[in-house]
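Structure record follows, encoded as structure tokens.
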2 protein chains.
Amino acid sequence: MEPHILVVDDDREIRSLLDRFLRKHGFRVSAAADGQTMRRALDEWKIDLVVLDLMLPGEGGINLCRELREHSDLPVIMLTALGEETDRVVGLEVGADDYVAKPFSPRELLARIRAVLRRTQGDSRPRADSGQAVLRFSGWSFDPTSRQLRAPDGVVISLSAGEYDLLMAFATHPNRVLSRDQLLDLTRGRFAGPFDRSIDIQVSRLRRKLREDPKNPKLIQTVRGGGYIFATAVANDASTDT
Amino acid sequence: MEPHILVVDDDREIRSLLDRFLRKHGFRVSAAADGQTMRRALDEWKIDLVVLDLMLPGEGGINLCRELREHSDLPVIMLTALGEETDRVVGLEVGADDYVAKPFSPRELLARIRAVLRRTQGDSRPRADSGQAVLRFSGWSFDPTSRQLRAPDGVVISLSAGEYDLLMAFATHPNRVLSRDQLLDLTRGRFAGPFDRSIDIQVSRLRRKLREDPKNPKLIQTVRGGGYIFATAVANDASTDT
DNA sequence: ATTCGAATGTAACGGCTTGTAACAGCAAAG
DNA sequence: CTTTGCTGTTACAAGCCGTTACATTCGAAT
């Protein structure tokens, strides 16, 4: 799978340069110029590593990194100013995994990205799942910790890994149209090729597990030309946390 | 689809210049000379990006941008005066995505518009839909969250993506004549070509779903030469929000 | 009141998008 | 090595949307 890198920098030339360079070297790239866009990208895509400018205007890279570390072990490489040793120390203290000083060689950054990814490879991001609250919707209850789906009548439904990942993607983005690329990124870490029907097949299988009426699905609805939407309210049962 | 740009500037030469230039480069353009017209345009059209003059007389571009950010993540490019660095900083702080200093090259603005749109591409604007209240009219109830339409007799009517978008457009602009261009913009992100009957077909299909008498439709009425009007009171059931 | 042209209504059709059965390949378990 | 389950691909079917064509309605002109 091609790792998905998120580049967060207000300098559009840096975003553009890194976009082209990293794609050329086999990565998928998203870009954000500010904290808000960064948060949305982290929410809607499955990002494998963040390249974050420490001197980001507004909230600042330090605060954004700190905030990210509250919920995630996602690797972060900080872009810092040359010679600013204090900044680097602070950056590493709030959880950055590495730093690269500006102006930087894209090749150096590439090497560090690969090194950090190699080191964190296989990381299944337990924080994202472990301790996660039970999700409830339309009488169903879905426990990510035990990977257990319970039907409204109490029957436990077993899910394959693919079905589980897809349901997690939907349940954590309810009432939003998710494109096939987003669903594939969130579940398989790749984008769809032309004529790729794999998500449609998986959605069909998950609908069957969720006992949907194929003619008129209620939970997972099709949005023609857009993708799929998990059309239900989802509640977090934080109180069942152990 | 052709992105829809809203140009907000009191200088009609700038509005005119940008209108011609941006259309030539594949955009649809609307223009506003003041805050009031800007608000109406934002309500009646599906705008993809706003170009906003920071020095707009009256309420001022800063306040308008701030107000826009209270409800929307719509990208904004500020037009600022050359050399006014304080203004730019303030502009970015109230949420502008980029800025261009006057006098500006239309080509530079075009490049920035494309860059910002590329960055925000795929943005499904969750604020517009998530947590949306149930809309009630003439005994019908329409829940945008579950995309479910319920008839006065309780029967659930399934809607296609196109029918859903059209009903949303009508239900969020009740008792107002909407032109075919507006309906197409709000539902498909494009304007009508000559002899374009697609909205009329969709209206016909939606009327059938809403059980209208074709000879004498009550909910969706035709305004000859003007478009269509959703002629009913629409209530927001905010209390059903979860 | 009549005529005419424009605007609108919608049936039918074609192309595109989506649903899914069936099958093949792969990986893991026994 | 064999068996089983899972996932993706292929093929066929169904639904959706836009275009076309024909019919109806309405408003303006006479």
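Protein chains get the first letters and strands the later ones, always in sequence-line order, with residue 1 at the start of each.
A straight line from CZ of A:Phe195 to C1' of C:dT20 spans 19 Å, rounded to a whole angstrom. Rounded to whole Å, the distance from CG on A:Asp165 to P on D:dG8 is 10 Å. Across the protein-nucleic acid pair, B:Glu163 atom CD and D:dG18 atom P stand 11 Å apart, rounded to whole Å. With rounding to whole Å, B:Leu159 atom CG is found 15 Å from D:dC17 atom C1'. A:Leu206 places its CG atom 14 Å from the C1' atom of C:dT20, with the value rounded to the nearest Å. The interatomic distance linking A:Ile199 (CD1) with C:dG19 (C1') rounds to 14 Å, in whole Å. Whole-Å rounding puts the A:Asp196 CG to D:dT7 C1' distance at 11 Å. One interatomic measurement links the two molecules: CD of A:Gln202 to C1' of C:dA21, which rounds to 15 Å at whole-angstrom precision.
Judged by distance alone, with hydrogens and angles left aside, the side-chain atoms of B:Asp185 form a donor-acceptor pair with the main-chain N or O of B:Lys46 at under 3.5 Å. Side-chain atoms of B:Thr187 come within 3.5 Å of backbone atoms of B:Leu183 as a donor-acceptor pair (strictly under, hydrogens ignored).
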Query raised in the report: For B:Arg23 and B:Asp19, what are the C-alpha separation, side-chain angles and deciding distance, and is it a salt bridge (Lys or Arg N to Asp or Glu O under 4.0 Å)?
Result: CA-CA 6 Å; B:Arg23 283 180 200 275; B:Asp19 184 276; 2.7 Å; yes

Requested in this report: Kindly determine whether A:Asp200 and A:Arg180 satisfy salt bridge (Lys or Arg N to Asp or Glu O under 4.0 Å), including the steps that lead there.
Outcome: CA-CA 8 Å; A:Asp200 304 283; A:Arg180 286 171 177 78; 2.8 Å; yes

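Between the side chains of A:Ser16 and A:Arg20, at least one donor N or O sits under 3.5 Å from an acceptor N or O.
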Could you list the protein-to-nucleotides 6-10 of chain C atom pairs, N/O on both sides, closer than 3.5 Å?
unit_1	atom_1	unit_2	atom_2	d
C:dA6	N3	B:Arg224	NH2	3.0
C:dA7	O4'	B:Arg224	NH2	3.3
C:dT8	OP1	B:Gly225	N	2.6
C:dT8	OP2	B:Arg180	NH1	3.2
C:dT8	OP2	B:Arg180	NH2	3.3
C:dT8	O5'	B:Arg180	NH2	3.2
C:dG9	OP1	B:Arg207	NH1	2.9
C:dG9	OP1	B:Thr222	OG1	2.4
C:dG9	OP2	B:Tyr228	OH	2.4
C:dG9	N7	B:Arg197	NH2	2.8
C:dG9	O6	B:Arg197	NH1	3.1
C:dT10	OP2	B:Ser204	OG	2.9
C:dT10	O4	B:Arg197	NH1	3.4

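For B:Tyr164 and B:Phe142, the distance between ring centers is under 6.0 angstrom.
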